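Following: one structure in structure tokens, then a few remarks.
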Amino acid sequence: MGNYNPVDDDTVRELVEILGERWVVTDPEKLEPFSHDETPTDQYSHMPEAVVKPKSAEEVSRVLQIANRKLIPVTPRGAGSGLSGGAIPEYGGIVISTERMNRVIEIDEANMMMTLEPGVITNEVNEKISQLGLFFAGYPMSLETCYIGGNVAENAGGGKAVKYGVTGRYVVGLEIVLPTGEIIQLGGKRVKDVTGYDLKGLIIGSEGTLGIITKVIIKLLPLPAGRIDLLVLFSSAQAAIDMVPEIMTGARVIPTSIEFMDKLAFGTSCEFLNEHIPYHDAEAMLLIEIDGNSPANLETEAEHIGDLCEKRGAIEVYVADNYTTQQRVWAIRRGIPEAFLVVSPHQSLEDIVVPTASIPALLPELEKLSKKYGIVIPCYGHAGDGNLHATLVKNPDMPLEEWYEIEKDALKELYSITMKLGGTISGEHGIGTKRKEFFNELCDPALLDLMRRIKKTFDPNNIMNPGKIFDMQ
Ligand SMILES: Cc1cc2nc3c(=O)[nH]c(=O)nc-3n(C[C@H](O)[C@H](O)[C@H](O)COP(=O)(O)OP(=O)(O)OC[C@H]3O[C@@H](n4cnc5c(N)ncnc54)[C@H](O)[C@@H]3O)c2cc1C
């Protein structure tokens with residue numbers, strides 16, 4: 001592992017021949033932004049030797065053929081909004097940025113599908129189709145910056161997953177370039193397809209370790225005409241979590257989102273945003289969103305859920321049924337990560353996932369961890385699907401060396417608690433480099449071995465995003 005060759009002058013010349021001088025970056029100052037993603041720079045960054053910006057699958061293929069022949073590591077990169085270090089060039093080498101592959105190739109209304117290049121910003125997808133009454137349900141919270149290719153590579157989830165599922169559910173076709181340079185098509189404009197192995201499913205969520213995604217075909221849905229949000233305050237986290245299945249079985253509604261926030265999380269966010277809703281008696285909040293086509297039905301469903309919450313002891317139910325109030329209540333949820341960055345830039349934003357019924361058992365364990373390690377651990381996230389952002393935040397007075405030690409031990413304990421509850425260590429952000437050590441320890445060795453054999457089949461020289469998810473030996 002790691003016996004790679006440097007990107008020498010000869011290689012740079014070959015890259016320039018393919019892409020033109022403008023799209024081959026070797027100036028260290030211009031390389032720096034490609035040395036990190038949204039994981040803490042002091043812990044995970046690594047400089048590439050060159051960044052290339054191809055415009056087509058053919059150019060990607062030619063770059064990969066050089067890298068494979070010369071044993072140079074290659075790291076695919078979308079917008080760099082990842083939270084597991086996946087786009088960081090662990091072994092230097094070449095970063096392939098997909099920023100110029102940003103065309104919407106086709107909007108196919110008849111089939112309700114859309115064909116995209118990987119560098120299209122996720123938010124632009126819905127901007128392009130909403131006037132046609134269509135909707136793409138892949139919906140990470142980072143949608144204003146991240147790319148569709150990065151979403152597929154991470155199988156991104158997000159706020160709407162409880163009703164609509166995650167990105168992979170909507171991917172019907174992919175074009176990928178293998179590490180050896182072949183361009184292959186997987187799936188297509190077909191809702192059903194059981195012809196051979198589901199290799200498309202293997203690529204979705206493979207974190208750029210098996211090939212570079214150069215085209216994505218997604219399935220679209222009819223755009224719901226309206227939505228209502230409810231911000232519900234509870235006197236205990238347990239009471240809030242108990243409501244999650246109740247909403248679906250009692251009110252018989254599958255909400256678009258059920259977001260949970262503990263007091264530490266929403267209190268810090270409200271303070272950061274200067275938001276003054278009266279929340280002081282509350283220990284937890286649920287942000288529940290429903291969508292649909294009939295305003296009357298939506299109102300009835302919202303009322304039903306609100307009544308049910310009140311019957312189960314909710315302190316207050318705020319209804320947000322217009323754009324301004326909806327923005328206001330979602331700002332509290334979206335503001336949490338930024339609010340804690342003000343408390344301390346040193347933190348570990350996690351995305352553990354447990355069966356939803358196990359969330360109440362998880363929360364006291366987080367409290368124990370917090371006391372044991374002398375750090376705060378706000379907990380918030382997608383309660384509707386059991387995916388929670390327990391975030392380990394460094395105490396501002398704690399020396400950095402102590403934090404690094406504590407973070408590792410606390411993460412190990414957090415992951416082991418999660419697994420004991422039937423959960424797993426990442427529900428949406430992936431393993432990357434950040435969780436590799438833990439994943440390798442916790443994963444069944446036979447499964448890990450199978451993954452390594454799959455990787456070897458796709459990437460015999462281990463040039464494609466090496467050092468991510470697992471090491472090859
Ligand atoms: C504020 C914030 C909120 C977030 N909210 C969510 C959320 O709600 N849900 C969620 O799932 N994630 C979330 N994320 C994490 C991140 O935005 C997602 O993982 C996103 O899918 C990454 O997309 P990207 O284009 O930034 O990819 P990058 O970070 O550039 O890359 C991510 C991984 O994908 C690989 N990759 C990128 N493009 C390609 C390609 N074309 N072919 C092959 N591999 C490729 C990279 O090698 C890397 O392993 C959030 C991040 C932030 C900062």
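Excluded from the calculations below are hydrogen atoms, water molecules and symmetry mates; all remaining heavy atoms, backbone and side chain alike, are included. The first residue in the sequence is number 1, and the count goes up from there. Indexing begins at 1, ligand by ligand and atom by atom, following the structure's order. What you see is a predicted model; the values in this text were computed from it and never measured.
Nearest non-hydrogen protein atom to atom 20 (C) of ligand 1 is Asn151 ND2, 3.6 Å. Regarding atom 29 (O) of ligand 1, its nearest protein heavy-atom neighbour is Gly82 N, 2.8 Å. Remark: minimum distance from atom 31 (O) of ligand 1 to any protein heavy atom is reached at Ala87 CB, 3.7 Å. Looking at atom 40 (C) of ligand 1, its nearest protein heavy atom turns out to be Ile213 N, 3.8 Å. For atom 37 (C) of ligand 1, the closest non-hydrogen atom of the protein is Gly78 N, 3.5 Å. Of the protein's non-hydrogen atoms, the one nearest atom 24 (P) of ligand 1 is Ala79 N, 3.5 Å.
Proximity of Gly432 to ligand 1 is not established, as no heavy-atom distance is less than 4.0 Å. Put simply, no part of Asp37 is less than 4.0 Å from ligand 1, judged by heavy atoms.
Within ligand 1, the atoms closer than 4.0 Å to a non-hydrogen atom of Asn465 are 47 (O), 49 (O), numbered from 1 in the order shown. Atoms of ligand 1 lying under 4.0 Å from any heavy atom of Pro118, numbered from 1 in the order shown and given with element: 41 (N). In summary, the atoms of ligand 1 found under 4.0 Å from a heavy atom of Thr98, numbered by their order in the structure, are 41 (N). Contact atoms of ligand 1 toward Pro76: 43 (C), 44 (N), 45 (C), 46 (C), 47 (O) (distance under 4.0 Å to a heavy atom of the residue). In summary, the atoms of ligand 1 found under 4.0 Å from a heavy atom of Gly208, numbered by their order in the structure, are 43 (C), 44 (N). For ligand 1, the atoms closer than 4.0 angstrom to any heavy atom of Ala153 are 34 (O), 35 (C), 36 (N), 44 (N), 45 (C). Taking every non-hydrogen atom of Leu83 and a distance limit under 4.0 Å, the qualifying atoms of ligand 1 come out as 14 (N), 15 (C), 50 (C), 51 (C), 52 (C).
Taking all heavy atoms of Cys146, Gly138, Gly86 into account, the minimum distance to atom 48 (C) of ligand 1 is reached by Gly86. Relative to atom 12 (N) of ligand 1, the option among Met101, Glu117, His429, His389 with the closest non-hydrogen atom is His429. When Gly381, Gly149, Gly150, Gly211 are ranked by how near their heavy atoms come to atom 43 (C) of ligand 1, first place goes to Gly211. Around atom 33 (C) of ligand 1, the closest heavy atom drawn from Glu428, Glu154, Glu207, Lys160 belongs to Glu154. Across Gly157, Ser81, Gly427, heavy-atom proximity to atom 53 (C) of ligand 1 is greatest for Ser81. Nearest residue to atom 8 (O) of ligand 1 from Met464, Glu38, Met141 is Met141 (criterion: closest heavy atom). Nearest-heavy-atom check against atom 52 (C) of ligand 1 across Ala161, Gly159, Ser142, Ala156 picks out Ser142.
Atom NZ of Lys468 is separated from atom NZ of Lys434 by 14.5 Å, given to the nearest 0.5 angstrom. Here the CD1 atom belonging to Ile290 is positioned 8.5 Å from the CG atom belonging to Asp229, to the nearest 0.5 angstrom. Between the CZ atom in Phe260 and the CD1 atom in Ile241 there is a gap of 4.5 Å [rounded to 0.5 Å]. Atom CZ of residue Arg435 and atom CG of residue Asp351 lie 5.0 Å apart, to the nearest 0.5 angstrom. Taking CD from Glu350 and CG from Leu414, the interatomic distance works out to 6.5 Å, rounded to the nearest 0.5 Å. Atom OG of Ser84 and atom CD1 of Ile469 lie 8.5 Å apart (nearest 0.5 Å).
Applying the 6.0 Å contact sphere to CD of Gln185 captures more than 12 heavy atoms from other residues, nucleotides or ligands. Residue Ile184 places its CD1 atom among more than 12 non-hydrogen atoms of other residues, nucleotides or ligands, all under 6.0 Å distant. The neighbour count for Glu21 CD, taken as heavy atoms of other residues, nucleotides or ligands under 6.0 Å away, does not exceed 12.
When only modelled atom types and interatomic distance are considered, Trp330 and Glu289 share a side-chain donor-acceptor pair under 3.5 Å.
No cation-pi contact links Lys219 to Tyr170, judged by a cut-off of 6.0 Å to the six-membered ring centre and 45° from its axis.
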### Message
For a salt bridge (charged side-chain N to carboxylate O under 4.0 Å, His left out) check, start with the C-alpha distance between Glu144 and Arg334, then their side-chain angles and the critical distance, and finish with the verdict.
### Response
CA-CA 12 Å; Glu144 278 163 20; Arg334 291 206 182 99; over 6 Å; no
### Task
Go through Ile66 and Thr11 one step at a time and tell me if the side-chain contact (heavy atoms from CB on, under 4.5 Å) criterion holds.
CA-CA 8 Å; Ile66 293 173; Thr11 305; 4.1 Å; yes
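Aromatic ring orientation, His346 versus Tyr404: perpendicular (interplanar angle above 60°, classes split at 30° and 60°).
Geometrically, ligand 1 and Arg77 share no nitrogen or oxygen pair separated by less than 3.5 Å. Checked by distance only, ligand 1 and Gly80 come closer than 3.5 Å through their nitrogen or oxygen atoms.
Ion pairing between Asp449 and Arg452 fails under the 4.0 Å rule for side-chain N and carboxylate O.
Put simply, atom 4 (C) of ligand 1 has protein non-hydrogen atoms near it, under 4.0 Å away.
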